[in-house]
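These values consider heavy atoms only, across backbone and side chains, with no hydrogens, waters or symmetry-generated copies.
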Amino acid sequence: METETKEYFTIKEVAARLNETEPTLRYWESEFQDTITPRRNERGVRFYTKKDIKDVELVQYHLRDLGLTHDGARKKLKNDKPASLKQMKAVQHLRTIKAELKALATALGEAEKLAN
């Protein structure tokens with residue numbers, strides 16, 4: 001696994017990493033001002049830390065995965081952000097395991113074809 005040594009990321013990098021558009025991230029920042037707070041330079045250019053990216057992922061999880069409305073996501077984040085973060089990490093971990101199992105199943109299928 002590659003370790004990320006970079007401290008700050010541009011909105012373009014974050015959008016690509018999370019498969020979202022830059023306007024979507026800007027909109028979420030305006031809607032979730034208590035959660036998403038990237039730093040800005042004197043020209044107003046946003047710079048995201050790893051913590052900022054986790055916060056955006058948390059908003060993304062509530063909106064995209066759980067299908068909550070903006071109001072519902074705001075309430076959930078306000079009332080129990082630590083539990084939401086724990087749940088999101090568990091779901092991400094399960095997705096990783098699922099992808100690995102699919103890769104193993106594919107490899108096993110290919111090995112069986114070669115054996116026959």
Do L18 and Y27 belong together in a cluster built from hydrophobic side chains that touch within less than 4.5 Å?
-> yes
Any salt bridge between E57 and K54, counting N to O under 4.0 Å?
-> yes
Given L58 and L77, is the side-chain contact (heavy atoms from CB on, under 4.5 Å) satisfied, shown in steps?
-> CA-CA 9 Å; L58 195 54; L77 289 168; 3.4 Å; yes
Carboxylate-amine/guanidinium contact K76 D71, below 4.0 Å = no
Hey, does V59 have a side-chain heavy atom less than 4.5 Å from the side chain of V56?
-> no
Taking C-beta and beyond as the side chain, do H62 and R74 meet within less than 4.5 Å on heavy atoms?
-> no
To the nearest 0.5 angstrom, please state how far the CE atom of M88 sits from the CG atom of D65.
-> 9.5 Å
d(K89 NZ, S84 OG) to nearest 0.5 Å is 12.0 Å
Taking T24 for the side chain and E20 for the main chain, is one N or O donor matched with an acceptor at less than 3.5 Å?
-> no
Quick one: pull up CD in Q33 and OG1 in T35 and give me the separation to the nearest 0.5 Å.
-> 10.0 Å
L63, L66: one ILVMFWY side-chain cluster at the under-4.5 Å cut-off?
-> yes
Does the side chain of R46 come within less than 4.5 Å of R26's, by heavy atoms?
-> yes
Taking atom CG of N79 as the centre, does the number of heavy atoms from other residues, nucleotides or ligands within less than 6.0 Å exceed 12?
-> yes
Check whether V91 and L85 end up in the same hydrophobic cluster, where Ile, Leu, Val, Met, Phe, Trp and Tyr are linked by side-chain heavy atoms less than 4.5 Å apart.
-> yes
Would you call R39 and D52 a side-chain contact if the rule is heavy atoms closer than 4.5 Å?
-> yes
Output yes when a side-chain donor or acceptor of T96 lies under 3.5 Å from a complementary backbone atom of Q92, and no otherwise.
-> yes
Salt bridge flag under 4.0 Å for residues D55 and K51 = yes
Joint hydrophobic cluster, F47 plus V14, side-chain heavy atoms closer than 4.5 Å = no
Are more than 12 heavy atoms from other residues, nucleotides or ligands located less than 6.0 Å from atom NZ of K75?
-> no
Can you check whether I53 reaches R17 side chain to side chain, under 4.5 Å on heavy atoms?
-> yes
Distance-minimising heavy-atom pair for E13 and Y8 = OE1-O, 4.3 Å
Do other residues, nucleotides or ligands put more than 12 heavy atoms under 6.0 Å from N41 CG?
-> yes
Flag the pair E29 and R40 as a salt bridge only when some basic side-chain nitrogen lies within less than 4.0 angstrom of an acidic carboxylate oxygen.
-> yes
